[in-house]
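One structure is given below, represented as structure tokens, and several questions about it will come after.
Note that ligands are numbered from 1 as they come in the structure, with each ligand's atoms numbered from 1 the same way. A quick note: this is a predicted structure, and the numbers were derived from the prediction, not measured. By convention here, the first residue in the shown sequence is residue 1.
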Amino acid sequence: MTSKQIRQQFLDFFAGKAHEIVASSPVVPMDDPTLMFANAGMNQFKDVFLGTGSRDYTRAANTQKCIRAGGKHNDLDDVGQDTYHHTYFEMLGNWSFGDYFKKEAIAWAWELLTEVWGIDKDRLHATYFEGDAKEGLEPDNEAAELWRTVTTINPDHIHPGNKKDNFWEMGDTGPCGPCSELHIDLTPDKSGGPLVNGDDARVIEIWNLVFIQYNRAAGGKLSPLPAKHVDTGMGFERICAVLQGMDRGALSSTTNYDTDVFTPVFDAIQRRTGAPAYARTMPADADVGKVSREQAMVDVSYRVIADHIRCLTFALTDGAVPSNEGRGYVLRRILRRAVRFGRQHMNMTEPFLADLVKPLVSYMGEFFPELTSAHGRKNIEHVTEIILDEEKSFGRTFDRGLKLYKGAAADARENHNGRISGEAAFKLHDTFGFTIDLTQLMADEDKLTIDIAEYERLMEEARVKARGVGAEADDLVELVSEAFVKVGSCDDSFKYLRVPECEAFIRTMTRNSPSGSRDAAGVGEQVVFSTDRSCFYAEQGGQVSDVGSAKTDSGAEIRITSVKRLGERILHAGKVVSGEFVTGECENKCKMEVDLTFRKPITQNHTSTHILNWALREVLGDHVQQKGSLVDPEKTRFDFSHNKPVT
Ligand code: SER
């Protein structure tokens, strides 16, 4: 059976039990602030479980695009190191909204697995919730009893499980309840019972049946829901491995990565990188000398890259973008991990990830048409371009970062009992874009540790400084603006240049700290200064200011983070990052330059604001009035008046 057939058989089975087949929700939940990514099929039905929303049906089934990286459910660290955790995966699910409950859920799961798909029932194990006194939750004896009575499972294969394994919650808050999981024993002699929930590839969970009964409120309190619901989730890639393994007579040795969900993308990786073929080995095989370390790392790289390109392609298609915070930062980290594996273990020296988007979409696009049709017809180009930009920018610092890492690793081995200094980890992060999880991964591969406490200390120090430059820069301008009252006007027409830069004289400079006896601002100090010319857009009309730099010929530099207009004068605020600047009135010649990567999205969002303004009038009518707006690199916010809610 192909994966496509398996997916369809699942849906057909539940359609045959009067379930409505619904589409997956986007993997980026734009409307639920408690969630970073869709992490389960039930997310889109949260309102139904809570009783605040309803659907036209009381039974549903689908396959849901999920990402479990960042947030409560996070499998990122396991990816590539084992064969059954993924950042992106599909979850096959069936739901009852106050309709059927435990009995049917259990009986139908058993029917599909053993009768329709013919899985050997001696290989199946079921778990049920053992209760939790602290939360005042009873054991789910009802589920245990149903396994005994409505299925033909071997009673010795029914095991109690604790709150961690058998009480499912979507996040810190939200609908939840006890669950009963099905695990498959892949050991050749079916002796894997004791390995259930043991985090062992030989016995893995394939299907989770959750009996949603409670809501967890902020603060942790559980309260019963108005009705009882069923939420099941089966790992699509895992069930494909089981069924395709059975087809091949190789159940025990077939993993998710050996299925047709992954093999086309593995082929694409090999074509693009020229790496040795995937040999299905694990790092542990290299530890015992069964395979070379290089091959084991090539194999980890195949798994990681294939997983990560799936995750990135689906997330970017659904509207996420890599960035420095929140979900965007999770994606940036995922992308850099993939790039690192390709560069360090598959000898890539140039971008390669972006080239995998098209081959992936060529076979996943059939079931998920948004992969080809989102963002007009150009989704492949859209996703490819974003990935390529990110790869290029990380690529620029990668080699130097790797060199620094190798030096730090050698130093750790020779002088510090295998512990990499916090300073090196910090510099890797701060200067070369090696996020700490990436450095940690590299250290793990080399069986080294990192001085995390020192790294954290340096990060905190940097955060404090950055906050100073960002938020405090604004306050500072207010504070010192008096010093600029007598300053002459500034010609800021250079901001209109396509490449906004200009030569200028600094006229007056003040700094944060009271001047004391010094007459210069040095590295790390915050300053505000005025110039005779400027190429910076000051903050205006709800649009944030440009950022950039002012450099003197002698190499002194200020990183400008906030620009304000004071009448005809332009005040630039920022931090000295190298050299010294004379304070007070001066004639300091410098070159000013705007950071275009920061300005470009502002420009685009500014344009969007105009388009939106036009479109609102077009659709709603000329009475629409702009009431305010905010334009920054991340978004445009447009406030307007209209006499009723917009449909
Ligand atoms: N919500 C449960 C899970 O994600 C079952 O769908 O495991």
Side-chain angles (χ1 to χ4, degrees), residues 7 10-11 13-14 19-25 27 29 32 34-50 59-76 78 84-97 99-102 104-106 108-110 112-113 125-129 140 143 161-184 196-197 199 204-216 222 225 228-239 256 311:
R7 190 193 282 118
F10 176 90
L11 299 175
F13 177 82
F14 283 101
H19 286 61
E20 178 88 10
I21 306 304
V22 298
S24 171
S25 66
V27 80
D32 186 344
T34 71
L35 262 192
M36 201 174 250
F37 297 105
N39 64 11
M42 53 77 71
N43 298 158
Q44 66 166 307
F45 303 116
K46 189 173 159 184
D47 60 324
V48 186
F49 295 133
L50 294 177
R59 298 177 179 190
N62 79 356
T63 188
Q64 170 69 42
K65 305 179 281 187
C66 298
I67 291 181
R68 289 195 174 174
K72 178 175 166 67
H73 297 275
N74 185 359
D75 292 331
L76 179 57
D78 291 326
Y84 57 105
H85 283 100
H86 305 293
T87 56
Y88 170 84
F89 64 99
E90 276 179 60
M91 191 185 281
L92 301 166
N94 58 290
W95 291 276
S96 152
F97 308 121
D99 185 321
Y100 62 85
F101 202 42
K102 296 180 190 176
E104 293 83 350
I106 289 174
W108 290 339
W110 190 255
L112 177 61
L113 294 183
H125 289 257
T127 61
Y128 67 95
F129 182 47
D140 192 358
N162 61 21
K163 194 176 132 203
K164 176 177 137 297
D165 292 318
N166 285 88
F167 192 87
W168 197 85
E169 312 200 34
M170 78 174 256
D172 293 335
T173 61
C176 53
C179 59
S180 211
E181 294 177 342
L182 277 153
H183 295 246
I184 186 156
V196 169
N197 276 334
D199 211 8
I204 56 172
E205 176 201 341
I206 46 175
W207 202 345
N208 187 12
L209 317 180
V210 186
F211 310 120
I212 302 254
Q213 280 163 269
Y214 304 99
N215 180 38
R216 177 141 354 237
L222 284 179
L225 289 171
K228 291 177 177 168
H229 316 276
V230 170
D231 154 32
T232 89
M234 170 151 55
F236 173 62
E237 296 75 10
R238 291 183 185 184
I239 197 67
N256 298 7
C311 180

Do Phe10 and His19 make the cut of ring centroids closer than 6.0 angstrom?
-> no
Who are the side chain to side chain contact (heavy atoms under 4.5 Å, CB included) partners of Leu11, not counting sequence neighbours?
-> Gln8, Ile21, Phe367
With side chains defined as the heavy atoms from C-beta onward, is the minimum distance between Phe101 and Gln213 less than 4.5 Å?
-> yes
Indicate yes or no: at least one non-hydrogen side-chain atom of Phe211 is less than 4.5 angstrom from one of Tyr128.
-> no
Tell me, which residues have any heavy atom less than 4.0 Å from some atom of ligand 1?
-> Ala40, Met42, Arg68, Met91, Trp168, Asn208, Val210, Asp231, Thr232, Gly233
Of all residues at least two apart in sequence or in a different chain, which pass the salt bridge (charged side-chain N to carboxylate O under 4.0 Å, His left out) check with Asp47?
-> Arg55
By salt bridge (charged side-chain N to carboxylate O under 4.0 Å, His left out), Asp231 pairs with (sequence neighbours left out) none
